[in-house]
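Here is the structure we will look at.
Bear in mind the structure is a predicted one, so any value in this text is a computation, not a measurement. Protein chains get the first letters and strands the later ones, always in sequence-line order, with residue 1 at the start of each.
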Amino acid sequence: MKIHNTRTRQVEDFKPLHDDLVRIYTCGPTVYDHIHIGNLSSFIYADILNRCIKASGHTVKHVMNFTDVDDKTIRRSLERYPDEPPIAALKKLTKEYSNLFLSDVEAIGNSVESVDFINATDSIEAMRQLITELYKNDFAYVADDGVYFSIQKYKQSGKQYGQLTDINESNTSAARIQNDEYDKESVHDFAVWKIKKEGEPAWEFELDGQDVTGRPGWHIECSAMSVAMLGQPFDIHTGGIDLVFPHHENEIAQSTAGGGELYAKYFFHNEHLLVDGKKMSKSLNNFHTLRDIQKKGFEPLAFRLMVLQSHYRSQSNFSWDNLEAAQNRLRNWRAAADLRWQLAPDTTNSNLLEYLQNDLDTPATLAAIDQYFSIVSAPNQATLDQINSMLGINLLSDDISQAQKQLIADRLAARTAKDWNLSDKLRDDLKLAGIEVRDTDQGTIWARS
RNA sequence: GGCACCGUGGCCGAGUGGUUAGGCAGAGCUCUGCAAAAGCUCGUACAGCGGUUCAAUUCCGCUCGGUGCCUCCA
């Protein structure tokens with residue numbers, strides 16, 4: 001299996017760190033609102049990665065976090081539940097949205113049961129330990145409003161900051177100065193811990209005798225949770241391309257400042273799903289949610305298929321036309337799958353996995369599936385099972401009922417008797433039941449409409 | 001401003017130095033009592049301008065256009 005690694009900017013052979021278990025960490029959602037379909041596309045690709053590795057014969061441990069403490073979750077929880085204690089308000093809000101996330105992700109066909117989900121707020125102790133260690137080793141310092149990571153110290157220790165992208169002083173000049181309202185030693189330094197503000201949720205923390213009670217910074221959450229759950233190094237870290245810098249860069253810095261040279265062996269990043277050629281964002285109000293899609297009558301699985309039409313490292317554009325094309329393709333696939341009840345199934349083995357193993361080439365995989373359906377009279381169970389396990393698209397459905405089969409037989413009899421009125425009426429009856437029939441040289445074939 | 005990516009036929013979306021993936025939509029014909037996602041055929045695509053080459057959509061340069069990151073972000 002081959003996979004693109006952001007660390008090397010190359011497609012590499014995937015070689016797990018350990019034979020027995022492949023360890024994957026995916027940066028999950030910040031649970032303060034509904035996620036949009038751009039977010040979903042990212043989790044679809046992570047799910048496909050998981051499936052492909054499993055299909056290649058490995059056992060996988062896949063962890064995803066919920067960022068359930070940050071500026072947005074705090075602000076929203078205080079607005080929504082002003083009478084609750086801050087931590088209780090936060091938990092209430094984030095529980096609600098993490099459940100909604102899970103139901104969305106399940107609806108689009110992700111294998112939710114194969115991922116271990118973990119809340120940042122349930123891992124505070126691991127974060128305190130990591131920060132304490134960084135502080136003791138002089139990579140972190142205490143400022144007025146928080147504990148910061150020192151990029152300078154990190155570099156002085158011989159480590160490289162900028163392992164995923166080119167970071168240098170000259171190309172970070174224009175836009176970044178505005179954010180130095182904080183008391184940090186360098187604009188590049190980032191908070192690993194933020195000291196409590198009045199009314200905000202906070203966790204006790206004493207660092208070298210100083211009371212820094214407060215809450216974790218975003219980057220430390222993932223560093224602490226991934227290593228706590230998977231050990232260090234682990235195999236693959238996934239996320240959207242926008243997380244490359246600074247989030248993943250900072251995770252690497254935090255997790256390699258102490259001892260370990262390697263944090264994650266492979267970094268897997270997916271490109272964005274755009275709308276009208278632009279990135280989806282709350283501020284442009286150009287995002288859609290799964291609910292919007294469902295309201296227009298499209299299935300979540302059609303959205304999944306639409307996402308898989310694009311390679312994960314290509315930007316793609318969401319449009320309703322495109323979604324409709326995917327919905328139609330899904331319908332045609334199901335009709336092809338239903339042929340197995342009606343015609344002798346194909347007996348050859350088709351190997352669809354090899355397409356997927358080529359850096360998760362989902363467009364090629366879909367094309368191969370189309371071709372398979374076009375050349376066989378009816379697909380076999382093994383291939384349909386493979387499609388389901390590799391892509392999370394279940395095309396299997398039950399045979400039609402005995403009564404419906406009788407209607408089809410009755411229609412055929414009427415046709416043979418040239419009773420066109422009866423035959424057309426039976427065809428209409430079947431259509432009302434969601435079954436369309438057509439007469440072919442192989443006999444009458446039905447398909448669900 | 002710095003870094004990176006992209007521009008393929010109505011809409012998506014692969015790919016290759018010379019033989020036109022695939023999906024969806026469309027047109028014509030055939031078959032059919034009618035119908036049909038059944039069969040056949042078609043629209044002769046690769047942003048523009050140069051260059052390299054016997055030959056470029058595919059390599060190089062430039063121009064135009066789009067996107068992302070550099071700041072919270074899937």
Side-chain angles (χ1 to χ4, degrees), chain A residues 9 26-30 32 35-46 67 70-72 162 164-180 187-188 190 218 238-247 249 269-274 276-283 287 305-306 308-336 355 361-371 373-374 414-415 418-421 423-424 427-428 431 436-442 444-449:
Chain A
R9 269 152 268 184
T26 294
C27 279
T30 304
Y32 70 106
I35 60 166
H36 58 62
I37 58 175
N39 299 314
L40 283 175
S41 75
S42 187
F43 298 117
I44 288 173
Y45 290 127
T67 299
D70 81 319
D71 290 337
K72 292 191 204 97
L164 298 179
T165 53
D166 284 328
I167 309 289
N168 61 63
E169 301 298 328
S170 64
N171 67 16
T172 54
S173 55
R176 74 165 15 270
I177 304 301
Q178 75 237 30
N179 205 1
D180 65 352
V187 289
H188 293 274
F190 55 91
W218 179 37
T238 88
I241 188 127
D242 52 340
L243 298 185
V244 172
F245 187 88
H247 187 49
E249 196 65 50
H269 292 109
N270 62 278
E271 261 291 356
H272 287 302
L273 176 67
L274 310 178
D276 300 326
K278 302 275 184 197
K279 185 176 170 179
M280 285 184 218
S281 72
K282 300 276 178 189
S283 56
F287 61 92
L305 194 53
M306 192 201 83
L308 296 183
Q309 283 174 180
S310 307
H311 188 82
Y312 74 93
R313 287 191 289 115
S314 300
Q315 282 181 344
S316 59
N317 203 8
F318 175 82
S319 70
W320 294 105
D321 281 352
N322 205 198
L323 182 59
E324 188 177 348
Q327 178 77 63
N328 290 338
R329 189 185 219 179
L330 181 61
R331 184 198 61 209
N332 292 338
W333 279 14
R334 284 179 176 142
Y355 297 99
D361 192 348
T362 53
T365 310
L366 302 198
I369 291 170
D370 278 306
Q371 187 174 5
F373 285 154
S374 74
R415 276 192 83 228
K418 296 195 191 299
D419 184 348
W420 310 127
N421 285 337
S423 133
D424 288 351
R427 184 167 66 195
D428 291 344
K431 189 160 189 180
E436 292 184 9
V437 293
R438 57 180 203 265
D439 301 309
T440 75
D441 53 5
Q442 312 221 54
T444 300
I445 296 293
W446 57 264
R448 292 184 172 86
S449 51

If you check every side-chain atom of [X], which of [options] has the closest atom?
X	options	answer
F245(A)	U32(B), C70(B), C12(B)	C70(B)
H272(A)	G68(B), C34(B), C70(B)	G68(B)
Q315(A)	A74(B), C11(B), U67(B)	U67(B)
D370(A)	A74(B), G33(B), G22(B)	G22(B)
R438(A)	A35(B), G66(B), G13(B)	A35(B)
R329(A)	U32(B), A74(B), G23(B)	G23(B)
S42(A)	G33(B), A74(B), G13(B)	A74(B)
R427(A)	A74(B), C70(B), A35(B)	A35(B)
D424(A)	G13(B), G33(B), G68(B)	G33(B)

Expressed as a whole number of Å, how far does the [atom1] atom of [N] sit from that of [M]?
N	M	atom1	answer
C64(B)	C72(B)	P	32 Å
C49(B)	G65(B)	C1'	15 Å
C12(B)	G50(B)	P	29 Å
G18(B)	A38(B)	C1'	37 Å
G17(B)	U58(B)	C1'	6 Å
A21(B)	C60(B)	P	24 Å
A37(B)	G48(B)	C1'	40 Å
A36(B)	G68(B)	C1'	46 Å

Whether [X] contacts [N] is assessed here as follows: a side-chain N or O lying under 4.0 Å from the phosphate OP1 or OP2. Is that the case?
X	N	result
N328(A)	A25(B)	yes
N332(A)	G23(B)	no
S314(A)	A14(B)	yes
S310(A)	G13(B)	yes

So what does [X] touch, heavy atoms closer than 4.0 Å: a base, only the sugar-phosphate, or nothing?
X	result
R331(A)	base
D70(A)	nothing
H247(A)	nothing
G239(A)	sugar-phosphate
N322(A)	sugar-phosphate
D439(A)	base
L366(A)	nothing
Q371(A)	nothing
K418(A)	nothing
S423(A)	base
T238(A)	nothing

| request: Describe, in one word, how the ring planes of F287(A) and H36(A) are oriented to each other, choosing from parallel (under 30°), tilted (30 to 60°) and perpendicular (over 60°). | output: tilted

Is it true that a side-chain atom of [X] and a backbone atom of [Y] form a donor plus acceptor pair closer than 3.5 Å?
X	Y	result
E249(A)	G162(A)	yes
T26(A)	G28(A)	no
S314(A)	S310(A)	no
T67(A)	T30(A)	no

Rounding to an integer number of Å, can you tell me how far [X] [atom1] sits from [N] [atom2]?
X	N	atom1	atom2	answer
L305(A)	G13(B)	CG	P	13 Å
H269(A)	A4(B)	NE2	C1'	14 Å
E271(A)	A74(B)	CD	P	15 Å
N317(A)	G10(B)	CG	P	17 Å
Q327(A)	C24(B)	CD	C1'	12 Å
R313(A)	A74(B)	CZ	C1'	17 Å

| query | What residues form a salt bridge (Lys or Arg N to Asp or Glu O under 4.0 Å) with R438(A), not counting sequence neighbours? | reply | none

Can you tell me the base-pairing partner of [N]? Count Watson-Crick or G-U wobble geometry only, both distances below 3.5 Å, and say none if there is no partner.
N	result
U20(B)	none
C46(B)	none
C59(B)	G51(B)
G9(B)	none
A38(B)	U30(B)
G1(B)	C70(B)

| query | Going through the checks in order, is the side chain to side chain contact (heavy atoms under 4.5 Å, CB included) test met by Q309(A) and N322(A)? | reply | CA-CA 10 Å; Q309(A) 283 174 180; N322(A) 205 198; 3.6 Å; yes

| request: Decide yes or no, distance alone: a donor-acceptor N/O pair under 3.5 angstrom between the base of A37(B) and the side-chain of E436(A). | output: yes

| Which comes earlier along RNA chain B counting from the 5' end, the contact point of H311(A) or that of N421(A), where each point is its nearest nucleotide? | H311(A)

| Do S42(A) and N270(A) meet the criterion of a side-chain donor-acceptor pair at a distance under 3.5 Å? | yes

| task | Report the C-alpha separation of D439(A) and R415(A) in whole Å, then their side-chain angles, then the decisive distance to 0.1 Å, and conclude whether the side chain to side chain contact (heavy atoms under 4.5 Å, CB included) test is met. | result | CA-CA 10 Å; D439(A) 301 309; R415(A) 276 192 83 228; 3.4 Å; yes

